[in-house]
2 protein chains.
Amino acid sequence: MPQPPAPRKTPGRPPRISREEVVGTARRIVDSEGVARLTMRRLAAEIGSTPMALYHHVRNKEELLVLLLDDYAARTLHRPGLPAEPRERVVVCAAAIHEALAACPWIVEVLTADDLLSTSALWFVEQIVDGLVACGLPPERAVHGYRAIWYYTAGEIVVRTTAGRRRADDGRPTYREQVFDGLDGDELPRLAQVAGRWQELTAEDTYLDGLRALVDGLLRPR
Amino acid sequence: MPQPPAPRKTPGRPPRISREEVVGTARRIVDSEGVARLTMRRLAAEIGSTPMALYHHVRNKEELLVLLLDDYAARTLHRPGLPAEPRERVVVCAAAIHEALAACPWIVEVLTADDLLSTSALWFVEQIVDGLVACGLPPERAVHGYRAIWYYTAGEIVVRTTAGRRRADDGRPTYREQVFDGLDGDELPRLAQVAGRWQELTAEDTYLDGLRALVDGLLRPR
DNA sequence: ACCTGAACACCGTTCAAGT
DNA sequence: ACCTGAACACCGTTCAAGT
């Protein structure tokens, strides 16, 4: 095994804060007050340092957010037991990713950073792609299938958390409510029919139903 | 028809700028320089006024963004011809929404405002719900089906545009590239197998394939 | 009624200097 | 090598006053 570079004696001023401390403190702020409150200045104050000291440990705020997501994924993304049926493996792994993200609404800001969340999520991606291949998809189609599942999952999180944020803002009627109140039942009969129940219907958690539909659709004979 | 309230004579100082002018100018800034450059101060400067004058025409920046999305939807969301086959109607309408959004990457910031984009999009939602009902789904399941389609569509836009934004930033290897370079082929064989083609595979536009899979899945016999 | 100026309470980041 | 202080170039929004 290659050794880490031997620590030079007094290579300069000894560090007062570490990258781990920066990320850990950022996590505490985010958990207790939300991402909006995480600023470089606030973080520096919390850590008892200056904004600029942080830039010795992270490249910039964006890197800090990615590190935060990584840290979160490593701590909360636990590998589920894998069912024997490959289709069920796909569903279980997608649902595990979804569950971890849903518990962590601030993630939305960083979620779309790239097409995979973090190294900790790779195992889940592997299981999903492998499950789709085991069900008969060629590898390329399996990757595309994984992407479709990721779009659906990310979209569900983004839409649901932002809608929730909006609702919490104030008591005024939402844009949606205004729209439904002025609905033309002649031109839009189906929407008029469900207008009264829209709120209730869309508040239901139907992630799993949609996921199963998508997976079944991806694996349908063509 | 109810008349609009009669304009009082000299009800005060005559307006120098209008809400339409505010939204129109905001649109020009966003189209030419991106959402990031749309600030209340910049907008006021562009309009030849002061930041505070804007607050007489829009409640705040968030309302401005929603108005912008509305304006955009009204101008670019054109109703397609409807195929006879209801399943195909669903696909065509979802694809039309997707196409309008994809041409307008700044939308991501506002996209998740609520579960429907704007009044102009209601017709599309109606067609999708109606198409699903015509295929045999009960109204509640049709609404849930619409939601699943919306999650998938919004997710595709959000993930794709943010990934593109990231890529354009600089020439350094992306987080994803780093991750794939250090991939353990024993633990993650499927990912190792496609690692070299991941970029190419995920760059392909497979929105329609995934959409058809999802719609087929939603309509499968159960 | 509508607009202005000044101010409040912030941002992320750079630069030059200190230890 | 690591940290500090001061500064740069911004934000959205409120308040009190002017026309």
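Order of the sequence lines fixes the chain letters, A, B, ..., with proteins taken first and strands second; residue numbering starts at 1 for each chain.
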Whole-Å distance separating the CZ atom of B/Arg19 from the P atom of C/dC3: 14 Å
Criterion side chain to side chain donor-acceptor pair (under 3.5 Å) on A/Tyr151 and B/Thr153, from CA distance to verdict: CA-CA 7 Å; A/Tyr151 294 152; B/Thr153 302; over 6 Å; no
Under 4.0 angstrom between A/Thr50 side-chain N/O and D/dC3 OP1 or OP2: no
A/Arg37, CZ atom: more than 12 neighbouring heavy atoms under 6.0 Å: no
Whole-Å gap separating C1' (C/dC11) and CG (A/Leu43): 14 Å
Side-chain heavy atoms of A/Leu69 within contact of A/Leu65, under 4.5 Å: no
side-chain N/O A/His57 vs D/dC2 OP1/OP2, d < 4.0 Å: no
B/Arg42 bridged to B/Glu33 by N-O distance under 4.0 Å: yes
Residue-phosphate contact under 4.0 Å: B/Ser49 side-chain N/O, C/dC3 OP1/OP2: no
C/dC10 phosphate, OP1 or OP2, under 4.0 Å from A/Thr39 side-chain N/O: no
All stems with DNA chain D, defined as three or more consecutive Watson-Crick or G-U pairs under 3.5 Å: C:4-8 with D:12-16, C:12-16 with D:4-8
A/Trp198 and A/Phe180 aromatic ring geometry - parallel, tilted or perpendicular at 30°/60° bounds: tilted
Value in whole Å for how far the P atom of C/dG12 lies from CZ of A/Arg37: 13 Å
Between C/dC10 (P) and A/Glu33 (CD): distance, integer Å: 13 Å
Gap between atoms CG and C1', on A/Leu64 and C/dG12 respectively (whole Å): 12 Å
For B/Pro189, side-chain contact (heavy atoms from CB on, under 4.5 Å) partners two or more places apart: A/Glu126
Audit row: B/Leu67, B/Arg19, side-chain contact (heavy atoms from CB on, under 4.5 Å) steps and yes/no: CA-CA 10 Å; B/Leu67 288 173; B/Arg19 190 173 170 128; 3.3 Å; yes
Side chain to side chain, B/Ile107 and B/Leu68, heavy atoms closer than 4.5 Å: no
Inter-nucleotide C1' distance (D/dC11, C/dC8), Å rounded: 12 Å
d(CG, A/Leu38; P, C/dC11) in whole Å: 10 Å
Where protein sits on nucleotides 13-19 of chain D, one letter per nucleotide: B base, S sugar-phosphate only, - none, heavy atoms under 4.0 Å: BBB--BB
Protein-nucleotide distance (A/Arg42, atom CZ; C/dC11, atom P), rounded to Å: 9 Å
A/Leu122 vs B/Leu183, side-chain contact (heavy atoms from CB on, under 4.5 Å): CA-CA, chis, key distance, verdict: CA-CA 9 Å; A/Leu122 282 183; B/Leu183 209 65; 3.6 Å; yes
